[in-house]
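One structure below.
By convention in this document, chain letters (A, B, ...) are assigned in the order of the sequence lines, proteins followed by strands, and residues within each chain are numbered from 1.
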2 protein chains.
Amino acid sequence: MIRAAVELFTERGFEQTTAGEIAERAGVTERTFFRHFADKREVLFDGSRTMERTAYDAILAAADDLSPLDAALAGMTAGGGMLEDIRDHAIRRSKIVAANPGLQERELLKLAAMAEVATEALRKRGVGEPAASLAAHSAVTVFHVAFTRWLSAQPAPSFADCVAQAADALRALL
Amino acid sequence: MIRAAVELFTERGFEQTTAGEIAERAGVTERTFFRHFADKREVLFDGSRTMERTAYDAILAAADDLSPLDAALAGMTAGGGMLEDIRDHAIRRSKIVAANPGLQERELLKLAAMAEVATEALRKRGVGEPAASLAAHSAVTVFHVAFTRWLSAQPAPSFADCVAQAADALRALL
DNA sequence: CACGGTCATGTCAGTCGCTGTCATTACACT
DNA sequence: AGTGTAATGACAGCGACTGACATGACCGTG
């Protein structure tokens with residue numbers, strides 16, 4: 001279904017594709033489509049939960065002497081690292097998302113969820129508020145900048161490098 | 001219409017209120033409702049454009065010797081300052097938004113738009129990339145934290161104080 | 001005053017996203 | 001064979017949203 005959806009979205013665009021058409025190409029019913037995905041957008045955000053868990057685990061696994069921000073950044077690096085193998089798919093996907101405001105909205109929600117998860121992990125490391133929230137959100141901002149660059153840069157850089165670079169830029173602000 | 005919508009959302013919740021019902025209470029047609037608001041959620045985000053413009057202007061008007069982050073924060077203070085007069089309404093509104101994921105999604109989109117606008121203003125001040133993006137997003141993160149606190153703190157603090165406090169917490173992270 | 005323009009609104013029909021419900025099928029365990 | 005469970009199909013229905021056309025208020029011009 002995911003493959004069918006990406007194909008159709010690429011061909012005609014997100015809004016011009018009905019849920020029924022995706023289901024049809026995937027060989028199932030529209031009803032079945034909505035049993036697997038809460039809504040039409042969600043088909044493009046399938047791995048997000050896994051990524052959140054990966055980031056969460058990485059933050060908890062980070063060295064004890066790391067600052068909250070560095071620990072959160074380690075989580076972002078780990079989470080984003082999951083995408084190294086599927087850069088092609090990520091690029092196709094990002095083009096679709098970029099062309100539709102509703103999908104960007106959903107992407108923001110996923111980033112916010114990532115920040116929530118990172119906040120939770122930092123708190124578990126003993127970081128208080130509002131430091132945990134701020135560090136987590138800052139890390140996600142870095143993630144976002146790094147992700148954008150990772151998608152567009154030629155030749156393909158490593159995700160970790162992109163994160164490190166964006167993090168340096170953030171530190172330079174102060 | 002906005003008043004009618006807030007009333008109904010408070011009484012029965014966002015999802016349990018149809019666009020037709022809002023229109024009816026406001027004395028217009030459902031079709032008219034959708035001529036004024038792009039979708040049902042948008043009725044709760046009416047002033048966002050104005051706030052963005054205010055922030056944008058404030059960033060451009062900020063003292064030349066301010067750092068990018070401080071200039072962006074000045075914009076957040078100015079934008080949030082618009083709400084000082086309508087804190088009651090802001091509180092009611094935030095309860096509605098907090099109760100519905102779809103509305104939180106839209107709120108994130110508005111915050112992202114704010115970050116975009118702030119980025120643009122910083123760029124016009126001569127700030128390069130990715131410094132402008134990062135400073136703008138950091139400022140919006142501070143704005144968000146400050147806004148949350150401004151809504152919940154008792155007695156009502158000034159918005160500027162909340163921003164200053166959140167900004168200090170951010171700086172302490174590094 | 002009559003006329004033409006535009007602007008907001010009402011009316012109606014229609015598409016599509018999404019959901020509840022029930023029946024069916026396939027498989028797993030006993 | 002019998003029983004439970006999970007996935008799917010089939011169908012009906014609601015509500016969000018849109019396009020098209022008609023109506024009426026207002027406004028400036030002749």
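Picking from D:dA16, D:dC21, C:dC16 the nucleotide with the shortest atom distance to the side chain of B:K40 gives D:dA16. Checking C:dT19, D:dA16, D:dC21 against every side-chain atom of B:R35, the shortest atom distance belongs to D:dC21. Comparing C:dT11, C:dG17, C:dG20 by their nearest atom to the side chain of A:T18 picks out C:dG17. Counting only heavy atoms from C-beta on, B:F34 has its side chain closest to D:dA16 among C:dT19, D:dA16, D:dA20.
Not a single donor-acceptor contact under 3.5 angstrom links the side-chain atoms of A:R41 to the base of C:dG17.
Heavy atoms of A:T32 sit under 4.0 angstrom from primed sugar atoms or phosphate atoms, though from no base atom.
At whole-Å resolution of the value, CD in B:E21 and P in D:dG15 are 8 Å apart.
Taking 4.0 angstrom as the limit, A:H36 places a side-chain polar atom (N or O) nearer than this to OP1 or OP2 of D:dT8.
A:K40 forms a cation-pi arrangement with A:F14, by the criterion of a distance under 6.0 Å to the ring centre and an angle within 45° of the ring axis. Both cation-pi conditions hold for B:R93 and B:F45: the charged atom is under 6.0 angstrom from the six-membered ring centre and inside a 45 degree cone around its axis.
Salt bridge status for A:K110 with A:E52: absent, with no side-chain N to carboxylate O gap under 4.0 Å.
More than 12 heavy atoms of other shown residues, nucleotides or ligands fall within 6.0 angstrom of atom CD in B:E21.
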